[in-house]
Amino acid sequence: MIKKIGILTSGGDAPGMNSAIRGVAKTAINSGIEVFGIYDGYRGLVEDRMVQLHKEDVVGIQSRGGTILGTARLPEFKQPEVREKAVQILKARGIEALVVIGGDGSYTGALRLTELGINCIGIPGTIDNDIASTDYTLGFDTAMNTIAYCLDHLRDTSSSHHRCTVVEIMGNKCGDLTLFSGVGQGADILVTPDHFMTVDQIVDKLNSYRGQGRKQTTVLVAEKMKELNVVDLAEAISQRTKYEAKWEILGRIQRGGAPSAFDRLLGATLGCYACKLLMEGKGGICVGLHNNKLCYNDIPEALQMQRDPHPTIGGMIELLNN
Ligand code: ADP
């Protein structure tokens, strides 16, 4: 039976990470295991910055955005000697296993540590929903709610001025935030890597909307598509349609805010589940939610899995968004 575990948050922050920290900490402490919160991801680990977490340290944190442990990127963690140092620090402190909350980069670090004898379990924490081994990542639902709030506000001003608003949505090459927000909010046009449209196609469609009498339009564009950016697109729309177009990049506002009820539940349950699996001696795996059930996969398998492009929802765009 393990006696001491660590927990860290790594890579991009996401609402719901605190709920997962609480889930891990409460499960560990209630099972007689000491739990150490490691600051700023793998950076804090190799700098030996950590603190023992007690129940009072995690009271109420599930309602707070961000991560109380802080997060960071440490590219040097790809070097074997840096990881060896991390293992020495953990062994000196008697920490036998780790929960790593983050994205696929953090998962790879967790796998490498497991290979060095420290069992690690990953929890998917990113607003991007770009981890194929889970239906939902922590923070995705909260980000969708934030986007809904922003789109409502933008639509108010856009409809008053009879404008077209072009909005860039985060997702790190994954179109889920744009697709789900666009379908849910009834955007007039949405463009993602899986549902791509050229500038010409977008302009044609907007001209046809204008011909139908649509006075105000919203176009959602997923970030990081080389072929399309919101600044050039808004310019093209202003020049080639009767809409005056304005662009907005929602940016990191999508990452902040109080976690939604769903993300709090997801964090709590994934945290508890990950801790229970560590107690069973498992490592090199990542937990998730699939078809409404908690699940886990080996990290290499999870990293190979292809993301579901949501063909059913994608097939509804023509009917719902036209
Ligand atoms: P995310 O976890 O959100 O995908 P990153 O890709 O930036 O974010 O990865 C977070 C951290 O995970 C990196 O800064 C690094 O410390 C660690 N990491 C990423 N890739 C590797 C790798 N191939 N080997 C070891 N550690 C890695």
Side-chain angles (χ1 to χ4, degrees), residues 6-18 20-21 24 37-50 65-67 69-90 97-134 136-140 142-143 170-177 222-224 251-252 254-256 259 263 266-267 270-271 274 283-288 297-307:
I7 178 164
L8 59 82
T9 48
S10 167
D13 64 312
M17 282 182 161
N18 284 330
I21 293 169
V24 172
I38 299 165
Y39 294 116
D40 301 334
Y42 295 122
R43 184 175 294 283
L45 173 56
V46 300
E47 291 171 0
D48 198 12
R49 288 189 287 116
M50 57 188 84
T67 157
L69 293 176
T71 185
R73 294 199 161 88
L74 180 72
E76 301 90 301
F77 208 64
K78 291 180 186 164
Q79 298 163 17
E81 58 277 18
V82 177
R83 296 198 298 270
E84 286 290 355
K85 188 175 171 201
V87 172
Q88 280 167 19
I89 287 169
L90 289 169
L98 282 187
V99 175
V100 171
I101 308 173
D104 50 7
S106 305
Y107 278 13
T108 307
L111 178 64
R112 298 281 99 87
L113 280 180
T114 303
E115 289 161 358
L116 293 171
I118 304 289
N119 271 348
C120 293
I121 296 189
I123 294 181
T126 161
I127 66 163
D128 298 329
N129 215 36
D130 59 350
I131 298 179
S133 54
T134 184
Y136 297 109
T137 56
L138 277 180
F140 176 70
T142 305
M170 274 186 163
N172 190 28
K173 298 189 178 151
C174 169
D176 283 16
L177 269 180
E223 69 172 359
K224 296 191 183 174
R252 288 178 188 80
Q254 296 161 99
R255 284 216 186 140
D263 277 328
L266 190 62
L270 288 180
I285 60 172
C286 52
V287 294
N297 296 89
D298 290 333
I299 290 176
E301 177 195 20
L303 295 177
Q304 290 292 315
M305 285 167 83
Q306 293 300 310
R307 210 180 49 75

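Both counts, for ligands and for their atoms, begin at 1 and track the order of listing.
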| field | Any N or O of Asp104 closer than 3.5 Å to N or O of ligand 1 | value | yes
| remark: When distances are taken from atom 18 (N) of ligand 1, the protein heavy atom at minimum range is Gly105 O, 3.2 Å
| task | Taking only heavy atoms of Gly109 into account, list the atoms of ligand 1 that are under 4.0 Å away from them. | result | 25 (C), 26 (N), 27 (C)
| note | If you scan protein heavy atoms around atom 8 (O) of ligand 1, the nearest is Gly11 CA, 3.6 Å
| request: Provide, to 0.1 Å, the distance between atom 11 (C) of ligand 1 and the closest protein heavy atom, together with that atom's residue and name. | output: Ser10 OG, 3.6 Å
| Looking only at protein heavy atoms, which one is nearest to atom 7 (O) of ligand 1, and how far off is it? | Arg73 NE, 2.6 Å
| field | Gly12 neighbourhood, listing ligand 1 atoms whose heavy-atom distance to it stays under 4.0 Å | value | 3 (O)
| Does some side-chain heavy atom of Leu98 sit less than 4.5 Å from a side-chain heavy atom of Ile7? | no
| request: With heavy atoms of Tyr42 as the reference, note each atom of ligand 1 found under 4.0 Å away. | output: 12 (O), 16 (O), 17 (C)
| said: Under the side chain to side chain donor-acceptor pair (under 3.5 Å) test against Thr9, which residue among Asp40, Thr71, Thr67 passes? | reply: Thr67
| field | ligand 1 atoms in contact with Gly103 (distance to a heavy atom under 4.0 Å) | value | 1 (P), 2 (O), 3 (O), 4 (O)
| Straight-line distance of Ile299 CD1 to Arg112 CZ, nearest 0.5 Å | 9.5 Å
| query | Does Lys173 reach the side chain of Asp130, with side-chain heavy atoms less than 4.5 Å apart? | reply | no
| Does any N/O atom on Ser106 come nearer than 3.5 Å to any N/O atom on ligand 1? | yes
| Does the side chain of Tyr42 come within less than 4.5 Å of Leu113's, by heavy atoms? | yes
| message | Would you say that Phe77 contacts Val82 through its side chain, given a criterion of any heavy-atom pair below 4.5 Å between the two side chains? | response | yes
| query | In ligand 1, which numbered atoms sit nearer than 4.0 Å to a non-hydrogen atom of Leu74? | reply | 13 (C), 14 (O), 15 (C), 16 (O)
| field | Glu76 CD: over 12 foreign heavy atoms closer than 6.0 Å | value | yes
| field | Chi angles and distances behind the side-chain hydrogen bond (donor to acceptor under 3.5 Å, both in side chains) call for Asp263, Thr142 | value | CA-CA 7 Å; Asp263 277 328; Thr142 305; 2.5 Å; yes
| With only distance considered, is Gly102 within less than 3.5 Å of ligand 1 through an N or O on each side? | no
| Would you say Thr108 and ligand 1 have an N/O pair spaced under 3.5 Å apart? | no
| Can you tell me if Asp298 uses its side chain to pair, donor with acceptor, with the backbone of Ile285 under 3.5 Å? | no
| said: I need the nearest protein heavy-atom contact for atom 24 (N) of ligand 1: residue, atom name and distance, please. | reply: Lys78 CG, 3.6 Å
